[in-house]
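Here's the structure, in structure tokens; my notes come after.
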Number of protein chains: 2
Amino acid sequence: MRDVAAQARVSLKTVSRVVNGESGVSPRLARRVLAACERLDYRHNHTASTLRRSNRRSATIGVVLEDVSNPFSSALHRAIEDVAVQRGVLVLAGSSDEDEDRERRLVLAFASRRVDGLIIQPSSHDHRYLLTERKAGTALVFVDRPPASIEADAVLTDNAAGVRRGVQHLVAHGHRRIGYLGDTHTIATAGDRHRGYLDGLANQRIEADERLIRLDLHGIEKAEAATRELLEQSNPPSALLTGQNLITIGAFRALRRMGLHQRIALLGFDDILLADLLEPGITVIAQDPAGIGRMAADVLFRRLDGDRSPAQSHTVPTRMIARGSGEIPP
Amino acid sequence: MRDVAAQARVSLKTVSRVVNGESGVSPRLARRVLAACERLDYRHNHTASTLRRSNRRSATIGVVLEDVSNPFSSALHRAIEDVAVQRGVLVLAGSSDEDEDRERRLVLAFASRRVDGLIIQPSSHDHRYLLTERKAGTALVFVDRPPASIEADAVLTDNAAGVRRGVQHLVAHGHRRIGYLGDTHTIATAGDRHRGYLDGLANQRIEADERLIRLDLHGIEKAEAATRELLEQSNPPSALLTGQNLITIGAFRALRRMGLHQRIALLGFDDILLADLLEPGITVIAQDPAGIGRMAADVLFRRLDGDRSPAQSHTVPTRMIARGSGEIPP
DNA sequence: ATCGGGCATGACAACGTTGTCATAAGACAA
DNA sequence: TTGTCTTATGACAACGTTGTCATGCCCGAT
């Protein structure tokens with residue numbers, strides 16, 4: 001900037017004014033400054049600017065996802081990015097891998113870069129460590145899973161309602177013995193879905209049978225093995241409800257291997273790419289990651305714009321997509 | 001920091017030393033400083049530190065992807081992140097959507113945040129605009145597609161070789177009439193794959209037949225329509241080679257709709273999630289996005305560590321995964 | 001007692017920018 | 001002419017940190 005000022009024979013401040021598009025610079029000087037910027041390939045140093053400016057905004061937000069490469073998380077990421085670019089805001093993204101410690105380290109690293117806001121898909125179960133950032137004015141929104149021990153905005157899928165709806169769908173197709181395969185019970189959403197399953201059965205006046213329930217299945221392999229077990233017992237279920245997309249894949253794989261994929265109904269929570277090309281197509285209760293991400297970013301920026309209303313939890317509805325596997329009769 | 005210094009009754013510089021783990025501070029003072037940090041919830045301001053430090057490193061890199069939510073790009077992203085976190089480096093990511101202008105705007109936004117390096121999956125065909133950043137010392141690595149009009153490191157899939165191998169595979173299974181469905185010809189990788197197809201045929205002494213080739217198919221729908229056309233003509237191909245994963249999906253969908261999925265061989269470039277669960281499983285020439293990302297990050301950090309050797313283009317091999325569709329006889 | 005050397009600590013300037021305020025130049029009225 | 005007001009411009013400090021260098025202290029050798 002000093003070089004530009006010298007080249008244009010003006011003061012630093014005038015260059016600053018031109019670069020920031022402030023009014024009150026004569027067109028003649030402005031032209032000279034712009035020409036000098038061009039000639040010297042001047043790049044505005046946004047970080048130095050942030051340091052000095054009164055609003056202190058870095059025009060950067062941090063996003064902590066479970067894994068940037070998993071389809072759900074990356075759809076969130078993209079939706080957040082789309083809202084952010086419209087405001088000229090960049091996105092720092094990181095993966096927590098379901099590890100509390102990594103989540104925390106990421107947040108601290110973001111904080112030391114002075115991000116304006118944080119969107120977190122949390123893995124941890126105590127978010128008091130975020131109080132400091134909050135006090136420093138960092139906006140904070142939780143996605144997919146609720147905050148714990150801290151009041152903050154959240155954007156969540158209505159997991160329980162979605163699963164209840166799934167149970168109802170299977171019952172409507174004649175099923176009474178409905179198995180459930182769920183993810184690690186410490187994950188909040190997994191708990192909600194399990195609860196939805198139990199409530200759904202209760203609504204339909206069906207007694208839950210412990211032998212049809214398998215929890216803490218993380219990953220395709222475990223789900224596949226559990227499905228196998230479930231179906232090999234005497235008096236097996238006629239339908240399966242799976243609480244997460246990898247579990248759905250594992251269950252489908254098991255059904256295929258056992259030659260039961262056209263006989264046992266399967267209804268999965270969370271959509272799967274290509275589910276429509278399988279035989280049968282897989283019926284799912286689809287979440288709307290893009291909708292969640294967009295809303296989370298909207299809430300975040302509303303806070304950054306000065307919204308001081310009490311923290312609120314927003315719910316995004318699910319959508320049932322019938323493709324065949326969920327409509328197989330008992 | 002000033003508050004911490006006051007609280008610990010030391011100078012600013014001493015706090016700085018403790019925070020940065022520099023030697024030469026008596027344990028007694030260090031303890032006092034750390035206690036004060038703790039008590040005041042002090043967060044080191046990494047951006048101010050970058051501004052002043054002699055190496056000027058922001059410990060942040062920028063990654064421009066085609067779309068952070070597409071499986072290939074997000075796998076790249078994750079692999080890059082994994083290398084970066086090991087060095088305490090954060091990743092700014094953005095989507096160019098195959099748009100030259102968005103790519104450029106992202107790069108400039110990253111540059112004004114003074115990222116240490118850039119990893120770009122380019123959409124544009126002239127990268128001279130990056131010369132300024134390069135001159136400023138920003139490390140630069142291209143992934144998936146080669147740089148144009150600039151010398152820079154690149155990490156690429158060996159597209160042509162992969163496709164040649166695919167042709168050979170189909171011929172080995174008895175095919176002579178092999179159709180080709182390719183993506184937009186202006187995308188460098190699409191051109192390479194098309195060339196690989198033609199070379200592969202030539203190697204096998206098969207004359208290319210224009211009527212079996214369809215290019216510029218971007219997205220599932222166009223691919224599906226083109227596949228249909230290709231198969232409805234007289235003397236149709238007995239095998240299809242598809243040059244991109246969405247095209248493979250479109251082609252498979254068309255085959256399914258026409259009831260030909262067990263009759264016409266299909267070999268796709270780029271792997272597809274769940275391809276093994278379809279019937280038949282889809283044979284693919286798989287790329288290794290994680291391998292590409294890791295290598296790109298390695299090259300980038302080697303440059304940041306001072307490697308001044310001439311720019312180099314690295315090639316990551318493909319892997320053929322036979323799952324059934326590519327082994328259907330004519 | 002004096003000196004030299006090593007070590008812990010701090011004062012101060014600087015990084016690239018912008019907020020604040022002062023000043024110069026010009027326009028216009030009295 | 002003088003005075004007042006407006007507008008364009010610049011000088012200077014400050015943002016939170018670290019590099020440089022000076023200072024003061026203690027220790028051991030002379």
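Every chain is numbered from 1 and lettered A, B, ... according to where its sequence line falls, protein lines coming before strand lines. These values consider heavy atoms only, across backbone and side chains, with no hydrogens, waters or symmetry-generated copies.
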Under 4.0 Å between any heavy atoms, over every strand shown, what does [X] touch: base, sugar-phosphate, or nothing? Just pick one.
X	result
B:L29	sugar-phosphate
B:V19	nothing
B:S54	sugar-phosphate
B:V10	sugar-phosphate
A:R56	sugar-phosphate
B:H46	nothing
A:S49	sugar-phosphate

Any salt bridge between A:D101 and A:R105, counting N to O under 4.0 Å? yes
N-O pairing of A:R87 and A:D305 below 4.0 Å: yes
Heavy-atom side-chain contact between A:H127 and A:S149 under 4.5 Å: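 Not in contact.
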Can you pull the contact range of chain A along DNA chain D, 5' to 3', using atoms under 4.0 angstrom from its heavy atoms?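 Extent of the interface on DNA chain D: D:dA8 to D:dG16.
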Distance, rounded to the nearest Å, where B:R9 contributes CZ and C:dT9 contributes P: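 Nearest whole value for this atom pair: 13 Å.
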Which residue, B:L12 or A:G24, contacts DNA chain D at a nucleotide closer to its 5' end, judged by nearest heavy atom?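 By nearest-heavy-atom nucleotide position, the 5'-most residue is A:G24.
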Backbone N/O of B:T186 and side chain of B:H125: donor-acceptor pair under 3.5 Å: yes
On DNA chain C, more 5' by nearest nucleotide between B:R28 and B:R52 is B:R28
Would you say B:D183 and B:H218 are linked by a side-chain donor-acceptor pair, where the criterion is simply a distance under 3.5 Å? yes
Side chains of B:Q121 and B:S73: any donor to acceptor distance under 3.5 Å?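 Per modelled atom types, B:S73 and B:Q121 side chains form a pair under 3.5 Å.
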